[in-house]
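Have a look at the structure below, then the notes.
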Amino acid sequence: MGCYEISLGDTIGIGTPGSIRSMLEEVLLVAKPSQLAMHFHDTYGQALANILVGLERGISTIDSSVAGLGGCPYARPGNASGNVATEDVVYMLHGMGLSTGIDLPQLVQVGRFISKDVLGKSTIQSKVSNALAVDDDPVES
C-alpha cells in the first residue's frame with residue numbers, strides 16, 4: 001500500500017504566501033507536486049493566496065469544505081476559523097480559467113442550505129456566497 005499523498009496543512013490558518021512558498025521550496029526537493037495536497041484554514045484571510053502559491057508550483061489537490069464549515073480541534077477555542085470555503089476556491093479557479101466540473105450556483109445553494117437550514121447558523125464563512133447574497137448577482141458556473 002504505502003503513502004500515495006502528503007497533505008500539507010495549515011490547520012490554524014497562520015500561513016502566508018511567503019511562508020508557504022518557503023515551505024514548498026523545501027518539500028518539492030523530496031516530493032513531486034502530484035504527491036502533495038494542500039489544506040488551509042482562513043483565519044487570517046490568507047487561504048486563497050496560499051492555495052495560489054501551491055497551484056503555481058503544480059499542486060492540484062486542494063482540501064476545502066462547503067461554506068467553510070469545520071474548524072481545528074488543535075487550536076485554542078475560537079482562534080482558528082473553518083476550512084477555506086469550497087465556494088471561494090471554485091470561484092477563484094473558474095476566474096483563472098480552470099475547469100473544475102463543479103456547478104458554482106448549486107454549490108452556493110448547498111452551502112447556504114447546510115449553514116442556515118440544517119445548522120441554524122446566521123452567517124456563512126464563504127465570501128463568495130455572502131457577496132452574492134448582498135449583490136443578488138447571478139452566479140456564473
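Just so you know, residue 1 is the first one in the sequence shown, and it goes up from there.
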What is the distance from atom CD of Gln109 to atom CG of Leu107, rounded to the nearest 0.5 Å?
-> 10.0 Å
Check each of Leu48, Leu132, Val128 against Tyr91 using the side-chain contact (heavy atoms from CB on, under 4.5 Å) test, and report the only one that passes.
-> Val128
Are Ile102 and Met96 grouped together when hydrophobic residues (ILVMFWY) are joined by side-chain heavy atoms under 4.5 angstrom apart?
-> no
Exactly one of Val53, Ile51, Leu52 clears side-chain contact (heavy atoms from CB on, under 4.5 Å) with Pro17, and that residue is Val53
Pairwise distance CD(Gln46) to NE2(His41) - rounded to 0.5 angstrom = 15.0 Å
Please tell me if the side chains of Asp63 and Ser7 come closer than 4.5 Å, counting only heavy atoms from C-beta onward.
-> yes
In Å, rounded to the nearest 0.5 Å, how long is the span from CG of Leu24 to CD1 of Ile20?
-> 6.5 Å
Is it the case that Asp10 and His39 place a side-chain donor and acceptor less than 3.5 Å from each other?
-> no
Side-chain heavy atoms under 4.5 angstrom apart, residues restricted to Ile, Leu, Val, Met, Phe, Trp, Tyr: same cluster for Leu98 and Leu36?
-> yes
Below 4.5 Å, heavy atoms only, C-beta onward: do Asn83 and Ser64 meet side chain to side chain?
-> no
Do side-chain atoms of Arg57 reach the backbone of Pro33 as a donor and acceptor pair under 3.5 angstrom?
-> no
side-chain hydrogen bond (donor to acceptor under 3.5 Å, both in side chains) involving Asp88 - partner list, sequence neighbours excluded | Ser126
Distance from Met23 atom CE to Asn50 atom CG, nearest 0.5 Å?
-> 8.5 Å
Do any N or O atoms from the side chain of Ser22 and from the backbone of Gly18 form a donor-acceptor pair under 3.5 angstrom?
-> yes
May I ask you to say whether Lys127 pairs ionically with Asp42, meaning some side-chain N is under 4.0 Å from a carboxylate O?
-> yes
From CA spacing to verdict: side chain to side chain contact (heavy atoms under 4.5 Å, CB included), Ile14, Thr43 = CA-CA 7 Å; Ile14 61 171; Thr43 307; 5.9 Å; no
Hey, any chance Leu69 and Ile62 share a hydrophobic cluster, counting ILVMFWY side chains that come within less than 4.5 Å of each other, even indirectly?
-> no
Going from CD on Gln106 to CD on Glu87, what distance comes out if it is rounded to the nearest 0.5 angstrom?
-> 12.5 Å
Cluster overlap Ile124 with Val90, hydrophobic side-chain contacts below 4.5 Å = no
For the residue pair Gln35 and Thr61, establish whether any side-chain heavy-atom pair is separated by less than 4.5 Å.
-> no
Is the closest side-chain donor-acceptor distance between Thr100 and His94 under 3.5 Å?
-> yes
Check Ala67 against Ser115 and note the closest heavy-atom contact, atom names and distance.
-> CB-OG, 3.3 Å
Applying the 4.5 Å side-chain criterion to the ILVMFWY set and letting contacts propagate, would Ile12 and Phe40 be lumped into a single cluster?
-> no
Separation between CG (Leu93) and OG1 (Thr86), nearest 0.5 Å, reads 10.5 Å
Any donor and acceptor pair, going by atom type alone, linking the side chain of Ser19 with main-chain N or O of Thr16 inside 3.5 Å?
-> yes
